[in-house]
Structures are given as structure tokens and as C-alpha cells.
Amino acid sequence: GAVVSQHPSRVICKSGTSVKIECRSLDFQATTMFWYRQFPKQSLMLMATSNEGSKATYEQGVEKDKFLINHASLTLSTLTVTSAHPEDSSFYICSAWEGNTEAFFGQGTRLTVV
Amino acid sequence: GQNIDQPTEMTATEGAIVQINCTYQTSGFNGLFWYQQHAGEAPTFLSYNVLDGLEEKGRFSSFLSRSKGYSYLLLKELQMKDSASYLCAVRDGDYKLSFGAGTTVTVRA
């Protein structure tokens with residue numbers, strides 16, 4: 001079946017630094033990918049829609065200058081958390097649709113900002 | 001906006017049946033999905049409904065009533081490994097998924 005691979009699975013960074021998270025569709029092309037954030041014991045909240053070859057569209061309340069999204073190819077989207085702070089610590093997950101009925105999720109990235 | 005409600009927690013005995021209800025009020029509807037998520041892991045797909053009625057898939061079944069904005073996930077013959085969070089999600093016309101807060105199911109021996 002289709003696979004979405006996300007890297008890294010865990011990252012610890014110092015406050016003020018930037019972190020890049022990669023999301024790849026391994027055996028299908030994804031013109032659109034989605035980035036979610038999940039805080040402990042809460043559900044997934046959509047952050048932004050990543051569009052290949054064009055600008056990402058951000059959900060209300062999500063700072064586009066802080067969460068930079070690049071979708072340079074049909075199989076790769078990246079999310080960069082810039083100037084990270086402890087409140088950005090969360091579980092970040094990407095997803096892509098393969099066909100009409102199934103969204104495949106990456107393994108998730110546990111970001112801890114210290 | 002999107003409003004998706006499901007119970008916070010449910011507990012059941014191994015071998016039993018549990019039904020998780022989900023009600024939704026959304027600005028667009030293009031399918032309802034159920035996902036299973038274990039702590040610290042990504043969600044895994046369980047079922048998809050776009051038309052009214054029941055979809056059965058092994059031990060799991062899902063029902064949808066679009067006119068009532070209602071769905072349920074039925075888990076039969078519960079096993080210990082079914083202990084997880086179950087997420088109800090509605091897809092809109094832009095293929096965005098809006099998730100409920102999730103129902104934590106605990107299966108006891």
C-alpha cells in the first residue's frame with residue numbers, strides 16, 4: 001500500500017533555533033499534503049495545506065512566517081519551525097491522499113524545544 | 001466552522017462490543033472517516049463512509065446518517081490490542097480532515 005515517510009521521528013532543539021521536518025510520499029505523487037499538530041491528549045489540528053509548486057495555505061491562527069512550508073516536488077513537503085520556543089513542543093504529522101478514500105499519515109515527529 | 005463531538009472515554013471487557021458515537025456539524029461534507037491512534041503514533045485508517053448506511057470491515061463496522069449528522073464505529077469481539085484512541089474525522093470539499101477530540105477506549109480482561 002501507499003506509504004508516507006516522515007523524518008525525523010524525534011528531535012530536541014534549543015530555544016531560538018529552527019527545525020526542519022520532511023514528509024515524503026514513497027510510491028505515489030502528492031500534489032497536496034497536509035500538516036497537523038497534536039498536543040498531548042488532544043486531537044489533530046490542521047495547520048496548513050502544502051501545495052506543490054505554489055504557496056501553502058494556512059489555517060486561521062497559524063503563523064506562516066513561523067511555520068515555513070515548502071513543497072518543491074510531487075513527493076516531498078517540508079515544514080520548518082523557525083525560532084522555536086518551548087510552546088512549539090508538540091507532535092507534528094503530515095498526510096497525503098492516495099486516491100479518494102484513504103489518507104496516509106507519516107509516522108509523526110515529536111518536537112521538544114528546551 | 002467544524003464541530004465534531006465524540007465521547008472522551010469508554011471502557012469495555014475483552015470479547016465485548018463497544019459503540020463509539022460521533023456527531024458533526026460541518027460547513028462541508030465529503031466523507032466521514034474513523035482512525036485508530038495509539039499513543040505517540042500516527043493514526044491508522046479504519047473506515048470510510050460517504051453514503052448513508054453501514055460499512056462492515058471484519059470486527060469493525062461504521063454507520064453514517066448524513067441527515068442526522070451522525071456516525072458510529074462498532075468494535076466487536078474486543079481484544080486487548082484494541083485499547084487506543086479512536087478519532088472521528090470529516091473531510092470537506094478541499095480534502096481537509098477535521099478531527100474530533102478522540103475517544104480513548106480501554107479494554108479490560
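Convention: sequence-line order gives letters A, B, ...; per-chain numbering from 1. Source: prediction; values computed, not measured. Keep in mind that the numbers below use all heavy atoms, side chains included, and drop hydrogens, waters and symmetry copies.
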Highest number of heavy-atom pairs under 4.5 Å with chain A: which of B/V50, B/T44, B/L97? B/L97
Contact winner vs chain A - B/G31, B/G40, B/G102, heavy-atom pairs under 4.5 Å: B/G40
Best-contacting candidate, A/F105, A/W97, A/Y36, against chain B by heavy atom pairs under 4.5 angstrom: A/W97
Would you please classify the geometry between the B/Y35 ring and the B/F99 ring as parallel, tilted or perpendicular, with 30° and 60° separating the classes? tilted
A/T112 side chain vs A/S89 backbone, donor-acceptor pair below 3.5 Å: no
Interface moiety of A/L44 toward chain B, non-hydrogen atoms closer than 4.5 Å: both
Ignoring hydrogens and geometry, is there a side-chain-to-backbone donor-acceptor pair from B/S83 to B/V107 under 3.5 Å? yes
Establish whether A/F34 and A/M45 are linked, either directly or via other cluster members, by ILVMFWY side-chain heavy-atom contacts under 4.5 Å. no
Quick check on A/Q6 against chain B: is it the side chain, the backbone, both or neither that has a heavy atom closer than 4.5 Å? neither
Side chains of A/E52 and A/Q29: is there a donor and an acceptor less than 3.5 Å apart? no
When heavy-atom pairs shorter than 4.5 Å are enumerated against chain B, which of A/Q42, A/R110, A/E102 gives the highest number? A/E102
Less than 4.5 Å to any heavy atom of chain B: does that hold for the side chain of A/Q60, its backbone, both, or neither? neither
Does the pair B/E55/B/K57 count as a salt bridge with the N-to-O cut at 4.0 Å? no
Does any backbone or side-chain atom of B/N30 lie under 4.5 Å from a heavy atom of chain A? Answer side chain, backbone, both or neither. neither
If you measure only the distance, is there a donor-acceptor pair under 3.5 Å linking the side chains of A/Q107 and A/S9? no
Does any backbone or side-chain atom of B/Y95 lie under 4.5 Å from a heavy atom of chain A? Answer side chain, backbone, both or neither. both
